[in-house]
Amino acid sequence: MRKGFLAVLLVLLGAVGFAQGDKLKACWIYVGPVGDYGWSHAHDQGRIAAEKALPWLETQYVESVPEAQAEAYIDRLVKQGCEVIFATSFGYMDSALAAAKKHPDVIFAHATGFKRAPNVATYMADFYQVYYLNGLMAGALTKTGKVGYVGAFPIPELKRHISAFALGVRAARPDAEVLVRWIYEWYNPAAAKEATEALIAEGADVFAFTEDTPTVIQVAAKKGLPSFSHYSPMKRFAPDYVVSGQLVHWEKIYIDFLAKVYAGVYTSKNLQDVDYWWLLPQGAVELGGEFGEPINPKFVPALKAKKVDHPVFGKISVYDLVMKELALMSDVELAFDPFQGPIEDRQGRLRVPAGLRLTKHELETMEWAAPGVVGPWPNEPK
């Protein structure tokens with residue numbers, strides 16, 4: 001938060017960079033449509049917020065860009081005068097790097113990736129902390145002990161989120177399972193509907209997902225089943241059934257990054273080590289099904305009624321535990337982390353020793369599944 005303020009202040013005070021009155025043109029490429037209410041929609045809201053906050057900023061975007069065609073789209077944006085390009089999907093990583101080599105004077109930033117170059121930075125507003133809290137609530141609310149998860153692609157990002165979610169579920173109900181179904185699409189309402197119905201048939205009665213529409217929420221609500229919002233506020237699609245969710249504030253990163261570009265702090269020569277990994281303490285993510293509401297009031301009584309034994313807090317309601325751990329993870333000291341050991345994977349192998357936490361690199365490259373995760377897990381370590 002403070003870093004972002006200082007970056008904007010540098011610009012307003014006329015730090016070395018663009019001349020006063022000059023415009024900076026930044027462009028975004030999205031993997032889905034901006035009306036998807038999920039990932040791409042959230043990025044576009046961040047773009048709009050940045051444009052409103054920075055009077056010298058001009059923006060442009062292209063939606064529904066297939067990952068295999070990203071480089072060609074980037075080349076077109078460069079020809080249209082884009083000076084900064086945000087590639088907002090994991091599958092754009094290699095295309096962004098290839099385009100950066102062809103256009104060394106253009107600044108690139110790639111979301112969710114781990115490969116960088118002198119003119120390519122990386123950034124992520126990550127949800128693993130929030131997923132753990134949602135998992136606590138899901139574990140408290142399930143009656144069957146089966147929680148459904150509709151996943152897009154089995155990449156480390158989703159594996160990290162699902163495992164954090166499963167750790168939370170089991171912290172509230174040790175015998176619960178998280179049933180995972182992959183649809184291999186970021187945006188496919190029909191596939192999300194089919195996967196949700198299949199999970200309901202298997203006994204799942206609480207749902208989370210990674211697919212860029214409110215489909216899972218709507219299908220679950222028709223059966224009277226609770227669910228958790230994904231990326232964008234989705235409570236309005238099922239006000240009586242959306243418990244909470246994970247919300248993003250991409251504008252926190254975009255404003256900070258672009259202000260530093262405009263001020264001359266970031267250039268096309270010095271981004272090799274620029275990697276934003278912003279979480280709850282930086283205000284880049286938020287717990288809730290809609291902004292400003294961590295938990296739907298309709299579910300508060302049930303969460304207060306469910307008690308768990310906690311090694312530090314003793315007998316405590318899930319509601320109070322969620323709020324306490326949310327506060328701990330929102331503090332810059334990070335007194336609590338979901339991936340602090342000892343943690344074994346679902347095969348019984350120790351992954352996080354006692355007294356340690358997963359490093360950022362280990363989180364970004366995570367392939368193993370936490371206990372309680374049920375279903376196919378491509379590239380699972382043996």
Side-chain angles (χ1 to χ4, degrees), residues 1-7 28 39 42-43 46-47 49-50 84-93 96-97 100 107-134 155-165 167 210 230-231 246-261 265-266 270-287 325-341 343 351-352 356-368:
M1 297 281 284
R2 187 177 299 165
K3 290 178 181 178
F5 172 75
L6 289 175
W28 280 253
W39 174 267
H43 277 282
R47 175 191 67 82
V84 180
I85 295 177
F86 294 100
T88 66
S89 179
F90 181 81
Y92 293 155
M93 182 164 58
L97 286 163
I107 289 175
F108 292 84
H110 175 241
T112 76
F114 54 87
K115 296 179 181 179
R116 292 184 292 278
N119 61 332
V120 183
T122 50
Y123 67 100
M124 182 60 175
D126 198 75
F127 282 136
Y128 81 91
Q129 299 169 311
V130 182
Y131 264 112
Y132 177 84
L133 299 175
N134 284 327
I155 60 176
E157 176 193 341
L158 270 71
K159 291 178 177 179
R160 173 174 71 248
H161 293 168
I162 294 170
S163 286
F165 182 71
L167 290 172
T210 303
H230 171 64
Y231 267 102
Q246 54 280 344
L247 301 171
V248 69
H249 291 277
W250 288 113
E251 71 276 7
K252 299 288 186 180
I253 294 176
Y254 288 140
I255 291 171
D256 187 87
F257 186 85
L258 289 166
K260 287 175 179 173
V261 170
V265 177
Y266 292 158
N270 68 357
L271 301 181
Q272 186 76 49
D273 298 317
V274 174
D275 177 37
Y276 286 71
W277 176 257
W278 282 15
L279 309 170
L280 282 167
Q282 293 79 25
V285 298
E286 179 180 341
L287 176 70
E325 292 186 332
L326 173 61
L328 290 172
M329 290 189 289
S330 298
D331 189 272
V332 292
E333 296 297 327
L334 291 174
F336 171 76
D337 188 89
F339 289 108
Q340 57 190 33
I343 299 175
R351 292 294 177 180
V352 190
L356 297 181
R357 296 178 179 181
L358 289 183
T359 65
K360 176 178 175 292
H361 175 72
E362 289 170 332
L363 288 167
E364 287 182 315
T365 58
M366 187 172 175
E367 294 285 359
W368 52 271

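- Centroid-to-centroid, the aromatic rings of His161 and Tyr128 stay 6.0 Å apart or farther.
- Note: Phe127 and Tyr231 meet the aromatic proximity criterion, with ring centroids under 6.0 Å apart.
- With sequence neighbours excluded, the residues that form a side chain to side chain contact (heavy atoms under 4.5 Å, CB included) with Ala284 are Ala125, Trp278.
- Residues in residues 117-131 take part in these salt bridge (charged side-chain N to carboxylate O under 4.0 Å, His left out) pairs, two or more places apart or across chains: Asp126-Arg160.
- Taking the six-membered ring wherever Trp is involved, the centroid distance between the rings of Trp250 and Trp39 falls below 6.0 Å.
- Ring centroids of Phe257 and Tyr266 are separated by less than 6.0 Å, placing the two rings close together.
- Between the His110 side chain and the Ser89 main chain, a donor and an acceptor come within less than 3.5 Å of each other.
- Contact check for Leu271 versus Arg116: no side-chain heavy atoms found under the 4.5 Å cut-off.
- When only modelled atom types and interatomic distance are considered, Gln129 and Asp337 share no side-chain donor-acceptor pair under 3.5 Å.
- Scanning both residues, Val120 and Ala100, for their nearest heavy atoms gives CG2-CB, 3.3 Å.
- Centroid-to-centroid, the aromatic rings of Tyr276 and Tyr254 stay 6.0 Å apart or farther.
- The two residues Arg357 and Glu362 come nearest to each other via the heavy atoms O-OE1, 4.2 Å.
- Classified by interplanar angle (parallel below 30°, tilted 30° to 60°, perpendicular above 60°), the ring pair Phe336/Tyr132 is tilted.
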Show every donor-acceptor pair shorter than 3.5 Å between a side-chain atom in residues 326-334 and any protein atom, with sequence neighbours excluded, or say none if there are none.
residue : atom : partner : partner atom : Å
Ser330  : OG   : Leu326  : O            : 2.7
Asp331  : OD1  : Glu333  : N            : 2.8

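- The existence of a salt bridge linking Asp256 and Lys252 is excluded, since no basic side-chain nitrogen approaches an acidic carboxylate oxygen closer than 4.0 Å.
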